Amino acid sequence: MYKFKNQQFRVLGIIPSRISSKRLPRKPLIKIGSEPLILRVNRLCCESEILDSVLVATDSEEIYELVIKNGGNAMITSSNHQNGTERMAEVISKKNENFDIYVLINGDEALLNPKHIEVAVKTLIERKSHASMLVCKFKKRNSPSDFKVVLNAKNELMYISRGDIPSEARNKAPFFLKAYHIMAFKKQTILDYSLMNKSKLELIEDHEHLRLIENGYKISCSIVDSESISVDNENDLKYVREIVESQNEKT
């Protein structure tokens with residue numbers, strides 16, 4: 001139970017995880033350190049002090065059985081979903097237990113900080129948004145597997161792109177802001193999302209949350225200090241493994 005200014009909120013963490021991946025086959029089962037990626041992400045989420053429960057939503061019996069065998073919670077969801085938010089919507093529609101806030105944690109955020117989950121939830125509540133997203137400073141250029149974002153003066157999400165934004169065609173940017181995929185949602189936002197068609201910009205950029213922006217929903221952001229990247233290709237995998245190995249050597 002998350003307590004904030006004399007209010008209490010029940011919070012469910014949902015980790016979408018699909019078995020198929022074009023760039024990294026069977027990605028959730030790839031070892032990061034001594035454990036499969038999906039078990040690492042699940043474990044880190046369970047370390048959060050504000051989540052009442054954590055659930056892996058997957059289309060794979062193999063992932064489901066692995067999570068259950070290791071003491072986690074999981075649900076089989078449709079293989080037809082095209083993104084994690086659609087998978088999340090199925091969980092919400094089927095799960096009888098009601099929560100006040102639902103947090104989506106991408107199943108490939110291997111370097112997530114459990115404390116950042118509270119930042120996402122607090123941002124949602126304080127800013128009275130439809131959803132919230134974490135972002136972090138990022139200096140890598142020409143990296144289409146990393147989603148860059150631009151914010152307005154209120155730190156609300158204006159746009160998401162695989163390209164480098166803002167453009168450096170005229171002036172150099174000191175850094176970009178990258179999406180760090182820990183997002184908190186009100187239940188109604190997800191239910192609304194599930195009824196929307198894919199939006200024009202979403203079809204171009206291939207990022208599901210442009211659908212919310214294009215339909216006028218407010219996504220508030222908080223900038224946090226993080227090395228986290230989504231594990232999307234072999235270079236990402238190498239980077240994450242090196243970070244984890246370095247962390248293990250220090251402990």
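Predicted model, so just to flag it, every value in this text is computed and none were measured.
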Practice problem: Ignoring hydrogens and angles, tell me if any N or O in the side chain of Asn113 forms a donor-acceptor pair with the backbone of Lys115 under 3.5 Å. | Solution: yes
Practice problem: For the pair Asp236 (side chain) and Asn233 (backbone), establish whether a donor and an acceptor sit closer than 3.5 Å, ignoring hydrogens and angles. | Solution: yes
Quiz item: Where the side chain of Ser194 meets the backbone of Ala89, is there a donor-acceptor pair that is under 3.5 Å apart?
Solution: no
Quiz item: From Tyr193 OH over to Gln188 CD, what is the distance, rounded to the nearest 0.5 angstrom?
Solution: 15.5 Å
Quiz prompt | Pair Glu35 + Lys31: basic N to acidic O under 4.0 Å | solution = no
Quiz prompt | Nearest-0.5 Å distance, CG of residue Asn155 to OG of residue Ser220 | solution = 8.5 Å
Practice problem: Drop me the distance from Glu242's CD to Leu237's CG, to the nearest 0.5 angstrom. | Solution: 10.0 Å
Practice problem: Enumerate the residue pairs fulfilling side chain to side chain donor-acceptor pair (under 3.5 Å) with a member in residues 53-66, sequence neighbours excluded, ordered by first and then second residue. | Solution: Arg26-Glu62
Self-check item: Donor-acceptor under 3.5 Å (Glu168 side chain, Ala173 main chain)
Solution: yes
Quiz item: Among the clusters formed by ILVMFWY side chains lying less than 4.5 Å apart, do Ile219 and Tyr102 turn up in the same one?
Solution: yes
Quiz item: Can you tell if the side chain of Met158 reaches within under 4.5 Å of the side chain of Leu151, non-hydrogen atoms only?
Solution: no
Quiz item: Would you say Phe176 and Phe147 are hydrophobically clustered, going by side-chain heavy atoms of ILVMFWY under 4.5 Å?
Solution: no
Quiz item: Would a distance-only check, ignoring hydrogens and angles, find a side-chain to backbone donor-acceptor pair under 3.5 Å from Lys27 to Val231?
Solution: yes
Self-check item: Donor on one side chain, acceptor on other, Ser161 and Glu205, under 3.5 Å
Solution: yes
Exercise. Kindly say whether Leu210 contributes a backbone atom to a donor-acceptor pair with the side chain of Glu202 at under 3.5 angstrom?
Key: no
Exercise. Salt-bridge test for Arg43 and Glu47: reply yes if a basic N is under 4.0 Å from a carboxylate O, no otherwise.
Key: yes
Self-check item: Interatomic spacing from CD1 in Ile160 to CD in Glu208 - rounded to 0.5 Å
Solution: 8.5 Å
Exercise. Not counting sequence neighbours, which residues clear side-chain contact (heavy atoms from CB on, under 4.5 Å) with Thr189? List them please.
Key: His130, Phe185, Lys186, Leu212, Tyr217
Quiz item: Any chance CG of Asp225 has more than 12 other-residue heavy atoms, nucleotides or ligands included, within less than 6.0 Å?
Solution: no
Exercise. Please confirm whether the backbone N or O of Leu201 pairs with a side-chain atom of Arg211, one donor and one acceptor, at under 3.5 Å?
Key: no
Quiz item: According to the interplanar angle, ranging from 0 to 90°, do the rings of Phe4 and Tyr2 count as parallel (below 30°), tilted (30 to 60°) or perpendicular (above 60°)?
Solution: parallel
Exercise. Give the intermediate values and the outcome of side-chain contact (heavy atoms from CB on, under 4.5 Å) for residues Leu37 and Asp108.
Key: CA-CA 7 Å; Leu37 173 59; Asp108 56 6; 4.1 Å; yes
Quiz item: Out of curiosity, Leu39 CG to Ile15 CD1, how far, rounded to the nearest 0.5 Å?
Solution: 9.5 Å
Quiz item: Who pairs with His116 by ring pair (Phe, Tyr, Trp, His ring centres under 6.0 Å), at least two apart in sequence or on another chain?
Solution: Tyr180
Quiz prompt | Spacing of CG belonging to Leu51 relative to CD1 belonging to Ile14, to within rounding of 0.5 Å | solution = 10.5 Å
Exercise. Give a yes-or-no answer on whether the side chains of Arg127 and Ser129 include a donor-acceptor pair shorter than 3.5 Å.
Key: no
Practice problem: Indicate whether any N or O donor in one side chain lies under 3.5 Å from an N or O acceptor in the other, for Ser78 and Glu90. | Solution: no
Quiz prompt | Ionic contact status for Glu97 with Arg10, cut-off 4.0 Å | solution = yes
Quiz item: Under 3.5 Å, side chain of His207 to main-chain N/O of His209, donor-acceptor pair present?
Solution: yes
Quiz prompt | Phe9 and Ile125: CA distance, side-chain angles, deciding distance, side-chain contact (heavy atoms from CB on, under 4.5 Å) verdict | solution = CA-CA 10 Å; Phe9 301 87; Ile125 298 169; 3.6 Å; yes
